[in-house]
Each structure stands twice: as structure tokens, then as C-alpha cells.
Amino acid sequence: MGIRFVLMVNKQGQTRLAQYYEYLNLEERRALEGEIVRKCLARNEQQCSFVEHRNYKVVYRRYASLFFLVGVDNEENELAILEFIHLLVETMDRHFGNVCELDIMFHLEKAHFMLEEMVMNGCIVETSKSNILAPIQLMDKA
Amino acid sequence: MEIKDSALVWHHHDADPDFGSCQSKELLSHLENVLANEPAGVTKGLVAEKVLSMMVNNGKAPDFVMCIGDDRSDEDMFESILSTVSSSSLSALPEIFACTVGQKPSKAKYYLDDTADVVRLLRGLANASNPKPRQTAHFQLDLVELSRSFKTDPIMNPFSSGTRLRDMIRAIRACKTAAEERAVVRKECASIRAAISENDQDYRHRNLAKLMFIHMLGYPTHFGQMECLKLIASPGFPEKRIGYLGLMLLLDERQEVLMLVTNSIKQDLNHTNQYIVGLALCALGNICSAEMARDLAPEVERLLQFRDPNIRKKAALCTIRIIKKVPDLAENFINPAAALLKEKHHGVLLTGVQLCTDMSKVSNEALEYFKKKSIDGLVKVLKDLANSSYTPEYDVSGITDPFLHIRLLKLLRVLGQGDADASDTMNDILAQVATKTESNKNAGNAILYECVATIMSIEDNGGLRVLAINILGRFLSSRDNNIRYVALNMLMKAISLDSQAVQRHRVTILECVKDSDASIRKRALELVYLLVNENNVKSLTKELVDYLEVSDEEFKGDLTAKICSIVEKFSPEKIWYIDQMLKVLSEAGNYVKDDVWHALIVVITNAPNLHGYTVRSLYKAVQTSGEQETLVRVAVWCIGEYGELLVSNTGVLDVEDPMTVTEADAVDVVETAIGRHSSDLTTRAMCLIALLKLSSRFPSCSKRINDIVRHLKGSLVLELQQRAIEFNSIIEKHEKIRSALVERMPVLDEATFSGRKAGSMPAAVSTPQGAPPKIPNGVAKPTSAPLVDLLDLSSDDIPAPGSSGGDFLQDLLGVDVSPASSQGTNHTQKSGTDALLDLLSIGTPPAQSSSSTLDMLSPSQDNKSSVDVLGTLASPSLSAQSSSPVGSSSMMDLLDGFGTSPSLPETNGPTYPAIVAFESSSLKVTFNFSKEPGSPQTTLIEAQFLNKSPNIYSNFVFQAAVPKFLQLHLEPASSNTLPASSNGSITQKLRVSNSQHGKKSLVMRVRINYKVNDKDVLEEGQISNFPRGL
């Protein structure tokens, strides 16, 4: 199991989407999100995209006002996760058209469904954007 | 009206608009296939036409026509009415109202906003036309439909209570403070709870969507779990979809909820709709427990061969979860998993490869199977992928599906580990990937990174290794920080394989320790820590200590901890150790942990010839760095103990600058320290003791000291006040006994100290100081034996420090060594030994994967790397060195075993002591060693087996296994029956050749089978207490 959690956070550090692939209780989640977000948001553009926190390695990437953070274990290929984040953003872009914070907030279910098509139990399921979106678009066509 | 003969109507007006439309599309395509040649075409349009023409034929031509409808089939009706009416030869044209519901492109001329408006209109019409009711038949038809469709999507229903999801999100977004947000959430939660308790069906979907949002914000949502189950159990796809999503998000570890959902999932896995199957698989893959895995494994196995690849890929990942929860199930899945590797669909291939990787880790059988059957296929898939032309769907900056590349490389790594043939098969493709992959984009670098990892892990191939190390060198000098980070990460792994190659990059790595990026610094520091050996410890420590001066405040903690650990572990001589520690204390004393400065004091007391030098250095250091708390503590302690050496300049070393310190100067230091505001209780208490000691040693200052002490009698801190009062009375009233009271501290025993220190490290289990009885079954033995050797080579008895070493190791492993719990702890102990074997054989690929055993260690170790375990293992033996000169060389050997630079044993004689290789409650195995003259690599072992039980053992078979660098030959045993109660023994000769003679020591895993009272017994163990140098 490579991916432990996926977070989307805005510039103010508010969580906009959180998906965990291992069980953490509410307090642990809140604490973890707080600590990680504080660490990541404090870093500048030049610094590398990896932050080690407790026993997680957090790979993060910023898109405009939105931060995408993926927590992985030590075995995972960090560069590949970086590429995965980009794929996730491209997929959401294709669906929402230039995805922004509000798209994710107001279509939280859709964002989750997309993520569900991409990651399952911490492993990547599908990397083709059209395959990921096919079931979701099928539902959308009215 | 005419009677319908046969008609099939699919109603989907109660269905979710999204899913209904997708289902109807599917249905339409099926119907078109089936009915292509049949006459079809009964539409509402035709019916309307027929009704109109019938009315005209019957002589009752309409003068008012109104039709209302809201879906596509109604469009035909609108059209046909317009055309029929206009084309028919009616005397008076009727008025026509074609009306649709909702704003959309339509043939109808009019529209109404929603069904409520329709009802209002009809009511109005009915009232207006009440006096002469005529021709109401048309309305009635539509009315029925309308009233049925009244209850549609509740979210859109204007009469519904509660807020909409959107409004809730808006309200939360509008909150300015956390308190406002809490208030909004509380209100929403209350209304959702109310809806749940009323068992409100219509809003279940919406309420769950709200709960998901609230959950994301970090509020408790457990009360929604049962709602998820209800939604999952409902027949519709949209309900199921949100229900499963909610289940995955909101679920906590409550087993009963999981049990309840098992049945629903089972039904959905067998559902005819593949999207529903997909939902169930996804949920199962994310939350499945061991019981569910057992219950549902057959379904998942079947779905691995489902016709739609999108189901197959999800089933593959689901299988991973299942076999991780219940490893026994793995063998059922080997064949279907291997079949997935032959697929063309990228998603299936990706997940199939992942499944095989995880399966190989869980099951040896699977690993062997894939090694035998799948490697060639995998190599070909990777080759095709690497050479494939542009495929837009999977292209990432010019590379086809880097994710699949990486998964394939990962699986090859697992298969190639420790298997020369398999590694050979994949050499070519690895070389191709390593040389041909574009490295100017992140995707390419990700592949290269994975490829290097694979090359490093599979069996040695010189050429490939050079290639890999070169790639890492290139990465390390990259300007991209991400690339540098992964390079450092990979070098950590490479160091155990080829430390020379990593040492070449030492300078660059040291630069990275000083990087501005905290992540890179941390990685680099850990790497440097591994790079340190006896030869470079001085230069590396100097670099690190120099950097300590300029480093960030938040980095100083990590850095000092590492420097202290390095210095403690590798210091070639005590004076150097003391020097470095003083530098660290002066630079960053506030970051130094208590155990570090305690250790320093222990070392100082044990170096009598350096007492003068140390106290003078400390005196100098504290003049400039008085703000470093721990430095002050050590200085005050030393001045108290060795103050007279400071003043009298005894034992001056050549390197020292001459200086003169008066007794008053020495007291000044302590007085400043005790008066400083930042000094804490410990420091002040230490100061008081130092003052008491000085008052006896420096009679000239006695008066002044007494004043200081008396001043503290008014301290508000109880501890200080008490000390001050008692010390004051000693100084004033007990002049005679004072000097005897405050004699110098006896030398602190280093071995006890470090044993205790190591023992207290893992917080999980603390063994009482009384040292519980050891279990002599090859667990405590191997660890204590080197220590025994260290401390007392000639003695056969195990002295106390030896056993405390053993205890410490037990502590380290988090095992409670009480004999009563032997059955329960056996397993843990065994895994502990496994970890030991892996530690010992670092440098060669361990026979079996060490990750699982290390994982077992990590919870109590706070996830330290294995190297940290090594560090702690090595430290007690190091400090034991000074107390026992004989032990020093074998101490070095001990470190050698842990993978540092090789050195030949010096003091080992030609004969080796016999060892108890294995001992359990029923069996004892002793090894006697001898060497053939002229071949130092080969050891002859005579194993002797003793039966400690009162029963005879029959069919006695002894088996042994050794790591790769050893060769083992077993000669036939003297017998296969072992008499009871040690009344005789079996002997068996073993011949072991050590290809790494002088570098690595022997290790062996043994397994003993025998029958006692017709029952088969199996005993296993690990022998790692072989004498050094075999």
C-alpha cells in the first residue's frame, strides 16, 4: 500500500478534500492535517516537494490557490507521486474545466468519485483520463 | 380508445436523472439490436394524432387542445398535434396550447417552471371551465402522469424542509470565525440527526452528502454510518453510490458495522449491473476486514475474470487487500493473478502487476511461481512499453505510461532479489531503461529512479551497478531539489551494497547537509551518519561541528543528536571524544539531550589522566558560552569534582595553553551559574553540590561559599531550600566530617550505565533492574555471548553485565522475558532473532525479506531505521571497551559484523570455545569447533544433541540453512533416535566454508524434527553466537 492519504487544501490551510486509506480517528486526522499543512505551506517554490512527517512522506504540489498533498510510505517512488498529482489535476481540469477550489467544494462527491476511479486502497487503479472520467460522464449526461 | 395488444414500458421517472439516462441509453442500444427488423414506432405523437382524427371522424372536433409533458417522448406529441390540426380540414381551427415543463429547447410554444405550476394551472382551468365540463379526457391522461412525477428529486423540491447541500456549503464558507462554523455545523448535524431518527427516506441521500462535507471539516459524523448501510441496501444506483462513498469515508473501526455491510456487498458483487459491481469492489478494496475477506474471496476471484476490464482492474486491487488481511488465501489467487500479466489493457496490467508484487511479498509459493512463469513475459511487456510509439491516452511528456513502467520495475525488483537467473533475464531491459530514458522531465526521472532501485536490489551485475551509481551521481548534482532529494534517499539504500561508491560523493553529500531546504538537510544528515566509519570520523565530525555554528535553530536538535551519536560510536580516543562533545555543548548545549551529557560525565570520570585537561577546557568554554545550559551543568559538575586540578594546573597536556585560574575564579563560575535567571532547577541543584565540594577543597573561599549557600536558604523552590539549609549546616557545624562527606565521586561504571541507558530506550517495556531469568533458547544467548566475550573471555559463567546486555536487547525488541509466557513470546522472540540475522548479514541480500521483521520492531522504536538499531546495539559494547582491554578487539569485530570496514581479529586463538547453539525446554544442542590446518575458511563443527525430556525421540532429523556467503555440508548423523533424560546423545558433523572469512561471522538457522510419543515436533532456531573469526 503506497498512498496513505490524499488531501486538497487551500492557501489558508483549510481542508477541501480528504481521503484516507488507513484508519485514523478524528483527533489524529485533525492534528495530522494541521501539522502537515503548516509544514508544507511554509515552504517556498525552490524547495523540494517532499516533506517528511512522522512516518509519512508527504509529496505536495501547488496549483494556483490549491495545494494537493499525498502522504505515502517509505517504499513509494516520490517522483511518480508527483506525476500522479499532476494527472489528478489534469483529470479534474478535463471534467470541471480549469478546476478551482469551489468546484471541489460544491462537487465534493464528484471529486471523490474521480479519486475513487484513480486510487483504491492506496494503489493507483487507472492512469488514462478518459477511462477515469467515462463512468462519471456517463452519469452526467442528462 | 383502443385496447393495447402488447406493450413494454420502461418507467424511469422515479430514477435518478443521471443514472436513469445512462441506463436508458444502454437499454436503447440493446433494443435497437433486438428490434432492428421489427415494426416499431408507437409514440405519443401517433396516439395523439389518432385521438384527434377519431374525434374529428366522430363529428366532435376539438376547439381547445392542450398538452403538457416534460420529457422527450412528449416532443413527438407536440409536433404531431401541430401538424395534424393545421393539415386537417377543420371548419374552425382549435386553439392549441403545447406546453413543456421546465425551460429547455422544445417544440412546445409554452412552458411552465415545475410541476407545482402545472397543478396550479390545471386547478385554475378546472375552476374556469366548471360550468360546462367537456373534453377532459386529454387532461386526465396527463394528470395521472403528472401526479406520479410529483415526487421527484427532493433536492429540487421547493416544498422540502431543511437546507440544500449548496446552501449549507455557502453558509459554512461565509463563516468568519471557527465558532461561527461550529454553530452552523451543529445546527446541520442536529437536523440530520432528527431526519435519521424519523427515518426520513427522501433526504437520506442529501443528508449523507452533507455529512461527508462535515466529516471533511473534521467534525464527528459517526451517527451517519447506519444511514450509509441503508443507502447501500437500497436498489438504486445513485443511493448505492453515495452510500458506499459514505461508508468508506465515515467508517470507523467498528466491526459490527462492517459485519452488517458484508451481505450487501456480496449481493452487489453479484449484481447484473457492472457499475454496481464496480462500486462494491471499490468499497471492499478499501475497507475489507479479515472476516469479509474470507467471506467474499470467491466472488472477487470470479470477478478477476469478468468480461469488462474496468471490473478486472478493481478486482485485482481488491485481491491485494484480501491477501494482506488473510495471507492463506493467496494461493487461490496465484493463477488468476498471473493471467492478468498477459493483459493489454493498461489499467488491468497496472493493477495486475501491483497484485503480483504484493502477493510475492505475502506468499513464497507465489513468488516462486512468478519467478518461474512470468519473468520473460514481464520483461517483454516492459520492453514493448519502453519502445512503444506515441500513445496519446497514456502519454506523459513523451513517455508512455510512466506509472506502468514503475510498477513493472518494482515487480522485477521483487522477483530478481536473491535470484541470479531471474536477475540475468532482466539485465538487458534494465540496461536499456537506464540508458534510453529521457531525463529532462519528471516522468523520465521517476522511471530512472525506480530502475536504479531495481538494479541495486537484484543480484550483482557489475556493469549495471556502475550505471546506476552514475545515474545517482548525476541526480545528486542536479539543480532540481526534488531530484537531489531522491538521490540522497537512494544513496542511503546503496550504501549497504557499495559503500565505496557512496563515499566518493561524500563532499557533495556534506554540502547537502548545509542546504537551505529542511527535507534535503534531513536526508543528507542521515546519509552522512551512515557514511561515518573509523577512518573518516574525524574529518566528518569536524565538518558537522563547524556547520553547527551556522545552522538553523530548528535543525540544531537533529544535528547535535547525530553528532553526539557519531562521536560516541566511533571515537578513536577519549580526548577526542571529550573535545568534540565540548564543542557541541558550547555551540548547541541547549539542544543536547540529558542522556548525552550524562554519558559524557561517565566518560570523564573514567579517564583519570584527562581530568585536569577536561576541567580546564570546560572552564574556558563556559566563559564564552555560559548560556548553554548543558555545558554549564557539565562544567559545574567537573569544577566541583576536580576544582583543585583547575587551580593547580596538574597533568597539563602538550596541547594545552598555559593558564592561571585562582580558587576565586572557579567559585565565580559556579556563582554566576546559580544566579543566572535561565538556569533551571537541575543546574542550580548541581551548583549547590559543587559549592559544597569546593568549600572543602578551597578553604580560602569557604566563607564566601557559605554566604552564597546561606543566601539560597530563602529559595522558594523546596529542593533548593532544603539543600541550602543542609549544606549550610554541614559547612558551619560539621567541619570535621565535611571533607570526608564531599570526597570525589567514585568512578562511574560505564558498562552499567550504558546498559541501563540502552535498556531504557524503548518506552514499551521496562525490565525491572533485578534481571529476570534468561530463556536459554538461542535468543538471549547470541546477544549476550559477544558481551560475555568482551568482558571476560576466560570465564564460563555469565557475569552480570553480560546478562544485562541480554536484557537490554530483549528490551530493544520489546519482548518481556518472563519464563511463564514462553509459549506466547516464542514467536516474537523468533522474529527478533530474524531481525538480528538480517542485521548481521547486512551487505548481502538476506535470504528472506527483512522488511516484515523490521516492521515488527518499528512500533516500539518509533520507526527508526535498522541502522539506528545497529547504533544502539553497538554503543554498549563500545563503552564496555575501556573497562576490559581484552575485549576491545572483539568489540571491533562486533562492529565489523554490522557492516563497517573489515579488520582481522587479532587476539583470537587457534582454538574456539564450544557453544550451546540451541536450547529449549526439551532439547540442547552443543557445537564444538575445529579447523582444518591450511584452510582457515573452513570450519568443522561437531554438533551434539541432548534430550532433556523423559521421553525418547525417534525419527530425529537435524537441518540447517546458511546465508549465501556460507557453504554448508552436513554429514550423516550418528543415529536418529535420541535417548531420554540426557542418557546419551546424537552427534553429527557439519562442514562450513565462509567465503567472507574475516569479514563476516557464521550464522545459521536450524530446524529439528522428531517424533515423541508418536507426535511430530518441530523446533527452530537461529544461531548467531558463533565465536568470532570462524
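Convention: sequence-line order gives letters A, B, ...; per-chain numbering from 1.
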Has B:N482 got a side-chain atom pairing as donor or acceptor with A:F50's backbone, closer than 3.5 angstrom? no
Atom of B:N481, atom of A:Q46 and distance for their closest heavy-atom approach: ND2-O, 2.8 Å
For the backbone of B:A446 and the side chain of A:N77, can you confirm whether one donor and one acceptor N or O come within less than 3.5 Å of each other? yes
When the ring planes of B:F403 and A:F84 are compared, do they come out parallel, tilted or perpendicular, using 30° and 60° as the limits? perpendicular
State, with a plain yes or no, whether a side-chain heavy atom of A:E90 is found less than 4.5 Å away from one of B:V396. no
Quick one: of A:S49, A:A18, A:P135, who has the most non-hydrogen atom pairs under 4.5 Å with chain B? A:S49
Residue A:L87 versus chain B: region with a heavy atom under 4.5 Å: side chain
Can you tell me if A:S130 and B:E393 form a side-chain donor-acceptor pair at under 3.5 Å? yes
Could you check B:K410 against A:E75 for salt bridge (Lys or Arg N to Asp or Glu O under 4.0 Å), going step by step and ending with a plain yes or no? CA-CA 10 Å; B:K410 225 170 224 168; A:E75 297 294 300; over 6 Å; no
In short, A:R16 meets B:M216 closest at the heavy-atom pair O-SD, 2.7 Å
Side chain A:N121, main chain B:C318, donor-acceptor under 3.5 Å: no
Does any non-hydrogen side-chain atom of B:K441 lie less than 4.5 Å from one of A:E83? no
Does B:R523 reach the side chain of A:E52, with side-chain heavy atoms less than 4.5 Å apart? yes
Picking from A:L108, A:V125, A:L17, A:N131, which has the most non-hydrogen pairs under 4.5 angstrom with chain B? A:V125
Heavy-atom contact with chain B under 4.5 Å, split by part of A:L102: side chain
